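Order of appearance sets the numbers: ligands from 1, and atoms from 1 within every ligand. What you see is a predicted model; the values in this text were computed from it and never measured. In what follows, residues are counted from 1 in the order of the sequence shown.
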Amino acid sequence: MYKLIAMDKQINIQEALDWYIWAGVTETCSDEVCAFNKENQPIIPKTTVSAMRSSSVLAAQVPASGALVLTSFAALKNAKDICAKATSLEELRELLEKFDGCNLKNTAASTIFGDGSNKAKIMLIGEAPGADEDRIGRPFVGRCGKLLDKMFTAIELNRADCYITNVLPWRPPGNRPPTDDEIAVCLPFLKRQIELIEPDFLLLLGGIALKSVMDCADSISRTRGKWLEYSISSQKKAYVLATYHPSYLLRSTAQKSKVWTDLLRLKKKVEEIS
Ligand code: URA
């Protein structure tokens, strides 16, 4: 949620409002229009809607100058090179916070890194932060997160024993589905988290996580509940299980029993190998 509170002559109000709507703002705090940051300085949108639309979705800026627009290929290579430098989750988090190669960062309030133990045996991967996560700055803290907590408690697994993250560290405007380019440029950060944690299990929540991590074109409904394998390195593989995303369960409660079956399958395998 952004605070729209006052007016400043320097700002084209229509452009600013268009930008906020485009960015997924759904609430205002008062009748007055325009934006001030925490220091009471007027916020001028970094990018206007027309500029966003005319630029490549994957247009990336070199962090130092903020001026150079890279091609999609270069943005992806840049992300991979950056990730390769991280030798710990803390370093990776810092690098992600400085990374300016994905346009989603322009409209999100927070950069949301993974959360949980860096020695976790189970890693949960969702799609992208929602409005609550964007406001609070942690993954799965809204309605989906509450449902996930309940589901894990039901199988006697504690969220604290897991590491939880998303394919995308930034909320897409208005919760729209992420584009393939946005996924591609964020994926190196997710894959590096997997390499640094080396979990035994990956639980993929929803179709976007399945498609992104496993490069799998098959639907979530056909793939859920089946054991797959992910090569973390030449020595380490993780068991992979995909299931429906909690947001889908909030809309389609009839599918809960399928996720329950998937979670029991996960629990059984965790017990078998530990
Ligand atoms: N949905 C997700 O996929 N991730 C979150 O962090 C929250 C909701």
Side-chain angles (χ1 to χ4, degrees), residues 1 23-27 89 92-93 96-97 99 102 104-105 107-118 120 122-153 157-180 182-187 189-194 197 199 201-214 216 219-221 223-224 230 240-253 255-256 258-259 262-263 266:
M1 185 173 61
V25 172
T26 50
E27 284 173 58
L89 286 177
L92 188 62
R93 177 200 287 269
L96 177 65
E97 273 162 7
F99 181 67
C102 179
L104 291 177
K105 193 177 191 182
T107 51
S110 317
T111 296
I112 298 173
F113 196 66
D115 191 30
S117 161
N118 57 3
I122 307 173
M123 184 160 167
L124 277 62
I125 303 174
E127 179 178 324
D132 290 325
E133 289 75 18
D134 192 39
R135 192 167 41 81
I136 294 167
R138 285 182 59 208
F140 283 97
V141 288
R143 282 180 76 215
C144 289
K146 303 259 174 327
L147 179 58
L148 199 61
D149 287 348
K150 275 194 200 157
M151 286 160 27
F152 262 67
T153 310
L157 279 174
N158 195 330
R159 179 164 165 166
D161 302 328
C162 304
Y163 183 88
I164 187 158
T165 191
N166 282 302
V167 174
L168 294 135
W170 296 287
R171 180 193 181 209
N175 294 343
R176 66 158 169 75
T179 65
D180 288 347
E182 288 161 354
I183 293 173
V185 83
C186 293
L187 205 53
F189 290 92
L190 174 64
K191 292 196 164 173
R192 192 71 186 131
Q193 285 173 81
I194 300 175
I197 295 170
F201 294 93
L202 297 178
L203 181 65
L204 307 179
L205 303 168
I208 295 284
L210 171 66
K211 178 176 107 169
S212 313
V213 176
M214 301 305 290
C216 167
S219 70
I220 183 73
S221 54
T223 315
R224 59 145 280 274
Y230 179 90
V240 180
L241 198 64
T243 194
Y244 290 131
H245 192 283
S247 67
Y248 177 60
L249 297 186
L250 289 169
R251 298 191 304 271
S252 317
T253 46
Q255 305 298 331
K256 277 188 182 171
K258 292 189 182 139
V259 175
D262 297 343
L263 291 182
L266 171 68

Can you list the residues that meet the salt bridge (charged side-chain N to carboxylate O under 4.0 Å, His left out) rule with D149, with sequence neighbours excluded?
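So D149 forms a salt bridge (charged side-chain N to carboxylate O under 4.0 Å, His left out) with R159.
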Which of the ligand 1 atoms, numbered from 1, are nearer than 4.0 Å to a heavy atom of [X]:
X    : answer
H245 : 1 (N), 2 (C), 3 (O)
E127 : 2 (C), 3 (O)
G126 : 3 (O)

Donor-acceptor pair, K105 side chain versus E97 backbone, under 3.5 Å?
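Here the side-chain-to-backbone pair exists.
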Just by distance, do the side chain of N166 and the backbone of E127 share a donor-acceptor pair under 3.5 Å?
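Checking the backbone N and O of E127 against the side chain of N166, a donor-acceptor pair under 3.5 Å is found.
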E133, portion touching ligand 1 at heavy-atom distance under 4.0 Å:
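The answer is the side chain.
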Between D262 and R224, does the salt bridge (Lys or Arg N to Asp or Glu O under 4.0 Å) criterion hold? Intermediate values first, please.
CA-CA 8 Å; D262 297 343; R224 59 145 280 274; 2.9 Å; yes
Distance from atom 2 (C) of ligand 1 to nearest protein heavy atom, with residue and atom
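Answer, as residue, atom name and distance: A128 O, 3.0 Å.
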Tell me, which protein residue and heavy-atom name are nearest atom 4 (N) of ligand 1, and how many Å apart are they?
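Of every protein heavy atom, N166 OD1, 2.7 Å lies nearest to atom 4 (N) of ligand 1.
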Less than 3.5 Å between some nitrogen or oxygen of F140 and one of ligand 1, yes or no?
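Right, the criterion is met.
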Can you tell me how the ring of Y163 sits relative to the ring of F113, calling it parallel under 30°, perpendicular over 60° and tilted otherwise?
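The arrangement is perpendicular - the two ring planes meet at more than 60°.
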L249/M151 under side-chain contact (heavy atoms from CB on, under 4.5 Å): CA gap, chis, key distance, verdict:
CA-CA 11 Å; L249 297 186; M151 286 160 27; 3.9 Å; yes
